[in-house]
2 protein chains.
Amino acid sequence: MHSLITNIKIQISDKIFVKDPETSVLGKKIIKESIILIDEIGFDNFTFKKLGAKINSNESSIYRYFENKHKLLLYLSSWYWSWIEYKLFFATTNVDDSFEKLKKAITVVTEKIEDDLATEHINESVLNKIVITEFTKTLHTKEVDEENKEGFFLIYKRVITRLVELITEVNPEYQYARSLASSIIEGALHQHFLRDHLKTITNCNEEISPTAFYLNLILTLLKKNRS
Amino acid sequence: MHSLITNIKIQISDKIFVKDPETSVLGKKIIKESIILIDEIGFDNFTFKKLGAKINSNESSIYRYFENKHKLLLYLSSWYWSWIEYKLFFATTNVDDSFEKLKKAITVVTEKIEDDLATEHINESVLNKIVITEFTKTLHTKEVDEENKEGFFLIYKRVITRLVELITEVNPEYQYARSLASSIIEGALHQHFLRDHLKTITNCNEEISPTAFYLNLILTLLKKNRS
DNA sequence: TTATTTTCGATAGTAATACTATTATATTTG
DNA sequence: CAAATATAATAGTATTACTATCGAAAATAA
């Protein structure tokens with residue numbers, strides 16, 4: 001299992017970083033502490049200088065790993081979606097019924113993430129929090145098209161594509177599998193955000209999870225052709 | 001009709017601006033040209049200095065209207081949602097059938113916006129484009145909770161609440177009206193964005209609109225209790 | 001074990017950003 | 001026409017977002 005995690009890490013495009021942070025102690029420290037610092041002060045207020053101070057290292061040393069903070073966020077996001085892809089794989093293997101499989105997949109992509117202690121230098125729970133508030137910022141830039149061509153969003157798109165496959169397996173007649181998949185992934189993050197900050201425009205709270213909302217949604221939406 | 005537009009404008013919280021841009025020629029110029037400039041170079045690259053150069057005015061003069069560019073974006077977003085609220089009102093009045101009403105409402109909040117020539121200093125079509133790419137940035141800051149308390153997102157939340165009412169009218173048994181409404185509003189912007197930039201993870205294109213996707217969704221999701 | 005490479009920290013420096021303050025000049029309004 | 005208000009121009013500060021250089025430390029290879 002540990003080797004599989006390592007494999008997932010390798011999938012992150014080497015165009016995102018200057019030097020692979022997994023290859024050194026400082027690199028791993030940058031990843032670990034940047035997650036915590038971004039969560040604390042928000043991505044907009046986050047700077048390499050502040051991170052340097054936090055890890056008792058120098059601003060210029062961090063630049064040796066990442067061109068800028070945007071690339072660092074891209075790296076963290078890719079890592080996150082890789083992690084989700086990995087969980088998706090394990091949640092759906094050996095499940096025969098296609099609707100059961102889809103339900104498991106929906107659960108993985110919409111539920112609140114707990115820390116996995118197997119990855120020492122990454123706290124998945126905190127990473128999940130920063131993905132909820134900051135992920136859209138990786139997409140919403142003037143450089144999306146170039147960065148998309150460079151493959152920076154490949155893992156994210158692969159997770160969505162996997163969900164599309166599962167939806168199509170459940171109901172091959174459904175016309176909007178891709179839009180449904182992408183809106184579930186995006187929407188789940190959004191519902192988590194609303195639950196934390198704009199409670200009046202969501203039904204999600206301590207009792208009702210975004211997962212419940214989306215499980216109910218796909219049940220109603222795709223049930224026609226269920227066996 | 002023109003006076004109604006004026007009324008809508010007045011609804012924008014005066015905590016968002018230092019001086020109401022509607023009250024002067026320079027103010028209106030700031031609004032008009034900032035929409036165009038943000039669309040051109042993106043919000044991240046947008047500065048008051050650049051805007052000043054574009055409108056042959058001074059950076060410091062713009063600061064007399066808005067504290068910073070974040071507040072300006074909040075203003076533009078509020079204006080946008082006000083505009084949507086106004087369109088929502090007209091689209092649903094004198095429609096008796098509740099499902100027809102909901103369909104009209106969904107259309108208003110998910111369709112591509114055309115410019116309305118009645119508002120000289122605002123190009124709604126371009127404003128729609130910047131809302132698609134930049135709106136989430138108004139929410140995803142460390143200051144959301146304070147700004148929410150100050151009422152900066154009131155109009156946005158009111159649009160969602162209106163949609164919740166219409167959903168509940170169609171199907172009072174449906175458990176997730178608020179989450180559905182908020183995910184439609186957010187998701188429609190997202191689908192527009194994907195159509196423009198990440199085409200492989202959406203079904204939306206020139207033929208299929210986000211509106212079609214969401215009309216199909218609510219039809220299937222809420223039809224049980226339709227009359 | 002020594003030599004070589006690489007990694008890292010420290011310092012310095014630049015251009016741009018995000019403002020604030022002041023003052024003089026327009027422009028509006030009473 | 002006078003008074004009030006709005007705007008433009010200039011200057012200045014702190015922070016950000018980097019780049020470049022250099023020497024020391026650490027890792028690795030011969």
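Source: prediction; values computed, not measured. Within every chain, numbering begins at 1; the chains are lettered A, B, ... in the order of the sequence lines, protein sequences first and strands thereafter.
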- Query: Got a donor-acceptor contact below 3.5 angstrom from the D39(A) side chain to the I130(A) backbone?
  - Reply: no
Can you check nucleotides 18-22 of chain D for protein contacts, nitrogen or oxygen pairs under 3.5 Å, and list what you find?
from: dC18(D); atom 1: O5'; to: Y63(A); atom 2: OH; distance (Å): 3.2
from: dC18(D); atom 1: N4; to: E59(A); atom 2: OE1; distance (Å): 3.4

- Task: Please state whether the phosphate of dA6(D), meaning OP1 or OP2, lies under 4.0 angstrom from any side-chain nitrogen or oxygen of T23(B).
- Result: no
- Task: Take atom CZ of F66(A) and atom P of dT7(C), then tell me their distance rounded to the nearest Å.
- Result: 15 Å
- Query: Using a cut-off of 4.0 Å on non-hydrogen atoms, how would the nucleic acid contact of T47(B) be classed: base, sugar-phosphate, or nothing?
  - Reply: sugar-phosphate
- Atom CG of L51(A) to atom P of dC8(C): distance rounded to whole Å? 14 Å
- Judged by atom type as modelled, is there a donor-acceptor pair below 3.5 Å linking the side chain of K50(B) to the main-chain atoms of N45(B)? yes
- Would Q191(B) and S179(A) satisfy side chain to side chain donor-acceptor pair (under 3.5 Å), going step by step from the backbone distance to the final call? CA-CA 7 Å; Q191(B) 292 299 316; S179(A) 288; 2.9 Å; yes
- Message: Is there a side chain to side chain donor-acceptor pair (under 3.5 Å) between D145(B) and H197(A)? Walk through the geometry before answering.
- Response: CA-CA 6 Å; D145(B) 296 334; H197(A) 300 290; 2.7 Å; yes
- Atom OH of Y65(B) and atom P of dC19(C) are separated, to the nearest Å, by 18 Å
- Query: Under 6.0 Å between ring centres, would you say that holds for F135(A) and Y156(A)?
  - Reply: yes
- Item | K50(B) side chain near dT17(C) phosphate (N/O to OP1/OP2, under 4.0 Å) | yes
- Query: Could you state the CD1-C1' distance from I30(B) to dT7(D), rounded to the nearest angstrom?
  - Reply: 10 Å
- Query: Atom CZ of F43(B) and atom C1' of dT17(C): how far apart are they, to the nearest Å?
  - Reply: 13 Å
- Query: Rounding to a whole Å, what distance do you find between N45(B):CG and dT17(C):P?
  - Reply: 8 Å
- Query: Within less than 4.0 Å of OP1 or OP2 of dC8(C), is there a side-chain N or O belonging to K19(A)?
  - Reply: yes
- Note on the structure: Whole-Å distance, L26(B) CG to dA6(D) P, equals 11 Å
- Stepwise, does the side chain to side chain contact (heavy atoms under 4.5 Å, CB included) test hold for L127(B) with W83(B)? CA-CA 11 Å; L127(B) 181 56; W83(B) 174 251; over 6 Å; no
- Round to a whole Å and report the spacing from CZ of F48(B) to P of dT20(C). 11 Å
- Task: Would you verify whether the NZ or CZ of K69(B) falls within 45 degrees of the ring axis of F43(B) while also being under 6.0 Å from that six-membered ring's centre?
- Result: yes
